Amino acid sequence: MRENIAIGQHLCYNDYSKLRRCKNRILNAKSLHKKTERNGRLLKLVCKNFTLSKVILYTDGACSVNPGPGGYCAILTYGKYEKVICGAEEHTTNNRMELRAVIEGLRALTRACDVTVVSDSKYVCDAVNQHWLDSWQRNNWRKSNKDPVLNPELWKDLLQLLQVHNVKFEWIKGHGGHPYNERCDKIAVEQYMQYKK
């Protein structure tokens, strides 16, 4: 269905360049973003018929012990539609699972979108919102104290996806009663339990 086009089959890595071109064509279209200065005010005119789909991505990661078996869950919502993506690793960390949830959720989108990521991970949200990720990349994946950044391969995957989609990160308190956060946590735990049997 046309309404469900944004939430479809998983992308292959080779699709990133095609999606970036698609995103750039949309953002450069005169009918989408035409900016003019008038009386000192910036006016942004957006065509109603040609805009990026607005998607909310709820994510969570969990570990039985840290490190140890871990699971992740991402729930994409687009209007009344939703898609659940989940998985597990036998030996991992909680932070890796939090990252994997975001990455796999964004990978599941089949076209460039406006995405709000809702996560209870300060590790993930602060890395983007506080621009740590940009700094790490400039410093060859080292932190300000010169220690190597953990999970660089996952951060690089995330950076690729941030070039495809317009993404903002919103932090929420974990286990605070948020329905989607609680649901993500439950599914993530169910995923790693396969390694506990």
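We count residues from 1, following the sequence as given. Please read these numbers as outputs of a predicted model, since none were measured by experiment.
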- Note on the structure: NE2 of His131 to CG of Asp126, rounded to nearest 0.5 Å, is 11.0 Å
- Note on the structure: What one should report as the nearest heavy-atom pair of Thr92 and Pro69 is CG2-C, 4.3 Å
- Message: Could you tell me if the side chain of Val149 sits less than 4.5 Å from the side chain of Asn139, heavy atoms only?
- Response: no
- Might you point out which heavy atoms bring Gly68 and Cys63 nearest each other, and give the distance in Å? O-SG, 4.1 Å
- I would like to know whether Lys186 and Glu182 meet salt bridge (charged side-chain N to carboxylate O under 4.0 Å, His left out); could you show each step before the answer? CA-CA 6 Å; Lys186 182 175 183 292; Glu182 298 291 342; over 6 Å; no
- Query: CD1 of Ile103 to CG of Leu154: how many Å apart, nearest 0.5 Å?
  - Reply: 4.5 Å
- Any donor-acceptor pair under 3.5 Å from Asn94 side chain to Asn66 backbone: no
- Message: Testing the basics here: between Leu76 and Ala108, what is the closest heavy-atom pair and its distance to 0.1 Å?
- Response: CD1-CB, 3.7 Å
- Inspect the contact between Lys156 and Glu153 and indicate whether a charged nitrogen and a carboxylate oxygen are less than 4.0 angstrom apart. no
- Quick one: does NZ or CZ of Lys122 land under 6.0 Å from the six-membered ring centre of Trp171, within 45 degrees of the ring axis? yes
- Return the minimal non-hydrogen interatomic distance between Asn181 and Thr59, and the atom names on each side. ND2-O, 4.2 Å
- Message: Tell me whether Gln194 contacts the main-chain N or O of Gln191 through its side chain, where contact means a donor paired with an acceptor under 3.5 Å.
- Response: yes
- Query: Once you round to the nearest 0.5 Å, how far does CG of Leu57 lie from OH of Tyr78?
  - Reply: 15.5 Å
- Query: Linking Ile, Leu, Val, Met, Phe, Trp and Tyr through side-chain heavy atoms less than 4.5 Å apart, which residues share a cluster with Val84?
  - Reply: Ile56, Tyr58, Ile75, Val118, Ile172, Tyr180, Ile187
- How would you list, by chain and number, every residue that makes a salt bridge (Lys or Arg N to Asp or Glu O under 4.0 Å) with Lys54, sequence neighbours excluded? Asp114
- Start with the C-alpha gap between Val167 and Leu161, add the side-chain angles, then the distance that decides, and say whether side chain to side chain contact (heavy atoms under 4.5 Å, CB included) holds. CA-CA 9 Å; Val167 186; Leu161 290 158; over 6 Å; no
- In Å and rounded to the nearest 0.5 Å, what is the CZ to CD distance from Arg100 to Glu98? 13.0 Å
- Item | Intermediate values then yes/no, side chain to side chain contact (heavy atoms under 4.5 Å, CB included), Leu52 and His165 | CA-CA 9 Å; Leu52 296 176; His165 305 285; over 6 Å; no
- Task: Heavy atoms only: give me the nearest Cys73-Ala101 pair and the separation to one decimal.
- Result: O-CB, 3.5 Å
- Message: Can you tell me how far apart CG (Asp185) and CD (Glu190) are? Round to the nearest 0.5 Å.
- Response: 10.0 Å
- Minimum heavy-atom separation for Tyr123 to Leu150, with atom names? OH-O, 3.7 Å
- Query: Does the side chain of Gln137 come within less than 4.5 Å of Leu133's, by heavy atoms?
  - Reply: no
- Quick one: NE2 on His178 to SG on Cys184, what's the gap to the nearest 0.5 Å? 9.5 Å
